[in-house]
Amino acid sequence: MKIASWNVNSIKARLETVMEVLKSIDCDVICLQEIKCETDGFPYLEIEDLGYSVEALGQKSYNGVAILSRLPIEDVQRGLPGNEDDEQARYIEATIGGDTPFRVASIYLPNGNPFPGEKFEYKLNWMTHLRARAKELLAWEMPVVLAGDYNVIPTDDDCWDPAVWADDALAQPESRAALRAIQNLGYTEAYDCLDGRSHQYTFWDYQKGAWQKDHGIRIDHLLLSPETADLASSVEIYKSARGLTKPSDHVPIIGTFEEG
DNA sequence: ATGGCTGTCTGTGACAGA
């Protein structure tokens with residue numbers, strides 16, 4: 001079972017690139033973020049032609065998340081439970097059927113800039129709700145994958161130059177602590193667990209030749225419940241997606257899991 | 001090079017992104 005997370009920065013503007021990458025990475029489940037279209041506007045037919053079922057939660061212009069799966073998608077939860085007042089489309093969760101069912105969430109965590117400010121408080125509040133949901137899911141005692149663009153640089157070793165990011169919401173101690181607080185419930189981050197090299201990135205800005213200079217940050221993460229961590233065998237950052245024509249500024253992060 | 005990117009919209013510049 002291969003499960004990926006990928007912020008595509010508009011599914012419509014990126015459709016050809018997305019389909020090319022989906023064929024290459026050959027995953028069973030792909031969690032998409034920043035689809036930037038309304039739920040009804042998702043290009044369902046094109047993705048279904050690749051063999052995937054699709055469940056999406058979108059809104060006009062911004063944000064938006066989706067789960068693609070070759071296996072049946074069941075019990076879809078749209079929006080982050082306990083955070084029903086949030087009008088932004090940032091969370092969808094569902095059960096992926098099969099011999100070993102997985103509960104999978106596609107998460108687009110708020111950016112939080114500028115720091116400090118209301119948007120940063122919104123980010124921290126959102127992370128508090130995510131932690132509460134993560135705790136609930138542990139009680140399900142099944143494999144859980146919380147996949148997404150967390151918009152958090154976990155440590156200074158996960159960016160090219162900590163000084164550049166020091167005043168940014170993505171690198172604030174509060175943002176990092178809120179991510180660790182979720183992990184401290186009992187979640188394992190797939191990259192930390194299965195690779196762990198420093199200075200490996202999932203995002204490179206479009207500006208200033210960031211990709212060519214490898215000026216990136218690692219902000220896309222796969223959080224695994226203990227049941228999932230036991231099944232995890234490898235992780236890959238699909239870096240070559242950033243070098244394609246008309247790329248997203250993020251690349252997929254892919255986890256491989258044994259099916260017990 | 002007082003800049004340098006990309007996407008969205010009842011758009012043609014403002015905003016959001018990170």
Side-chain angles (χ1 to χ4, degrees), chain A residues 5-21 31-43 56-66 86-91 106-124 126-127 130 147-176 178-179 191 199-221 237 239 241-253:
Chain A
S5 179
W6 188 21
N7 178 323
V8 292
N9 185 18
S10 173
I11 187 69
K12 287 182 175 175
R14 203 82 53 215
L15 187 55
E16 287 194 25
T17 306
V18 168
M19 293 201 295
E20 179 181 344
V21 168
C31 296
L32 301 181
Q33 300 88 37
E34 276 208 276
I35 60 174
K36 288 188 171 179
C37 65
E38 293 180 284
T39 304
D40 292 342
F42 192 96
L57 174 66
Q59 67 182 89
K60 190 184 281 189
S61 304
Y62 304 119
N63 310 317
V65 287
D86 188 8
E87 294 178 355
Q88 302 190 25
R90 297 182 174 277
Y91 189 92
S106 181
I107 298 166
Y108 180 44
L109 214 142
N111 172 304
N113 279 304
F115 167 80
E118 281 181 19
K119 290 188 174 181
F120 188 68
E121 296 307 311
Y122 170 69
K123 175 180 195 161
L124 294 183
W126 208 95
M127 295 184 83
L130 178 60
D149 174 1
Y150 279 74
N151 271 319
V152 177
I153 302 167
T155 75
D156 280 351
D157 288 336
D158 299 307
C159 64
W160 62 279
D161 184 356
V164 169
W165 296 92
D167 296 325
D168 194 283
L170 279 61
Q172 290 311 304
E174 296 96 323
S175 305
R176 290 172 170 175
L179 176 58
Y191 182 85
H199 301 289
Q200 296 297 309
Y201 312 125
T202 62
F203 169 92
W204 296 261
D205 201 290
Y206 290 122
Q207 300 190 59
K208 304 178 188 176
W211 165 245
Q212 289 76 9
K213 292 185 278 193
D214 198 28
H215 288 179
I217 53 179
R218 190 167 68 84
I219 55 175
D220 300 272
H221 308 299
I237 297 172
K239 195 172 171 179
R242 188 63 179 80
L244 298 173
T245 303
K246 214 168 157 53
S248 171
D249 38 11
H250 296 248
V251 299
I253 173 139

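Chain letters run A, B, ... following the sequence lines, proteins first, then strands; residues in each count from 1.
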Report which part of the nucleic acid [X] touches: base, sugar-phosphate, or nothing (heavy-atom distance under 4.0 Å, all strands).
{"X": "Phe115(A)", "result": "nothing"}
{"X": "His250(A)", "result": "sugar-phosphate"}
{"X": "Arg90(A)", "result": "sugar-phosphate"}

Using OP1 and OP2 only, check whether a side-chain N or O of [X] sits under 4.0 Å from [N].
{"X": "Lys119(A)", "N": "dA16(B)", "result": "yes"}
{"X": "Asn7(A)", "N": "dA18(B)", "result": "yes"}
{"X": "Asn111(A)", "N": "dG17(B)", "result": "no"}
{"X": "Tyr206(A)", "N": "dA16(B)", "result": "no"}
{"X": "Lys12(A)", "N": "dT8(B)", "result": "no"}

Distance-only donor-acceptor test (3.5 Å): side chain Asn151(A), base dA18(B)
no
Among Ser175(A), Pro114(A), Pro110(A), which residue meets the side-chain contact (heavy atoms from CB on, under 4.5 Å) test with Phe120(A)?
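With Phe120(A) as partner, Ser175(A), Pro114(A), Pro110(A) yield a single side-chain contact (heavy atoms from CB on, under 4.5 Å), made by Ser175(A).
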For Asn9(A) and Lys36(A), which I'm curious about, is there any donor-acceptor pair between the side chains at under 3.5 Å?
yes
Could you tell me if the side chain of Asn111(A) sits less than 4.5 Å from the side chain of Leu170(A), heavy atoms only?
yes
Does atom CG of Asp167(A) have more than 12 heavy-atom neighbours from other groups under 6.0 Å away?
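No.
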Taking [atom1] from [X] and [atom2] from [N], how many angstroms apart are they, rounded to a whole number?
{"X": "Arg14(A)", "N": "dG17(B)", "atom1": "CZ", "atom2": "C1'", "answer": "12 Å"}
{"X": "Gln33(A)", "N": "dG17(B)", "atom1": "CD", "atom2": "C1'", "answer": "14 Å"}
{"X": "Asp149(A)", "N": "dA16(B)", "atom1": "CG", "atom2": "P", "answer": "17 Å"}
{"X": "Asn9(A)", "N": "dT6(B)", "atom1": "CG", "atom2": "P", "answer": "10 Å"}
{"X": "Tyr62(A)", "N": "dG17(B)", "atom1": "OH", "atom2": "P", "answer": "8 Å"}
{"X": "Lys208(A)", "N": "dA1(B)", "atom1": "NZ", "atom2": "P", "answer": "17 Å"}
{"X": "Trp211(A)", "N": "dA18(B)", "atom1": "CH2", "atom2": "P", "answer": "18 Å"}
{"X": "His221(A)", "N": "dA18(B)", "atom1": "NE2", "atom2": "P", "answer": "12 Å"}

Counting side-chain heavy atoms from CB outward, which of dA16(B), dA18(B), dC5(B) is closest to Glu34(A)?
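Nearest to the side-chain atoms of Glu34(A), counting from C-beta on, is dA18(B).
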Please determine, for the side chain of Ser10(A), which listed nucleotide (dA18(B), dT8(B), dT6(B)) has the closest atom?
dT8(B)
Leu109(A)/Lys123(A) under side chain to side chain contact (heavy atoms under 4.5 Å, CB included): CA gap, chis, key distance, verdict:
CA-CA 7 Å; Leu109(A) 214 142; Lys123(A) 175 180 195 161; 3.9 Å; yes
Do side-chain atoms of Ser5(A) reach the backbone of Ile253(A) as a donor and acceptor pair under 3.5 angstrom?
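Checked: no pair found.
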Which whole number of Å gives the distance between the [atom1] atom of [N] and that of [M]?
{"N": "dG11(B)", "M": "dT6(B)", "atom1": "C1'", "result": "15 Å"}
{"N": "dA14(B)", "M": "dG4(B)", "atom1": "P", "result": "15 Å"}
{"N": "dT2(B)", "M": "dC15(B)", "atom1": "P", "result": "24 Å"}
{"N": "dA16(B)", "M": "dA1(B)", "atom1": "P", "result": "33 Å"}
{"N": "dT12(B)", "M": "dT8(B)", "atom1": "C1'", "result": "13 Å"}

Contact nearer the 5' end of DNA chain B, comparing Asp168(A) with Gln207(A)
Gln207(A)
Start at the 5' end of DNA chain B and walk down; is the nucleotide closest to Lys246(A) or to Asn63(A) reached first?
Lys246(A)
Who does dA14(B) pair with, Watson-Crick or G-U, both distances under 3.5 Å?
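dT8(B) - that is the nucleotide pairing with dA14(B), both distances being under 3.5 Å.
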In Å, rounded to the nearest 0.5 Å, how long is the span from CD1 of Ile217(A) to CH2 of Trp165(A)?
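Here the interatomic distance stands at 3.5 Å.
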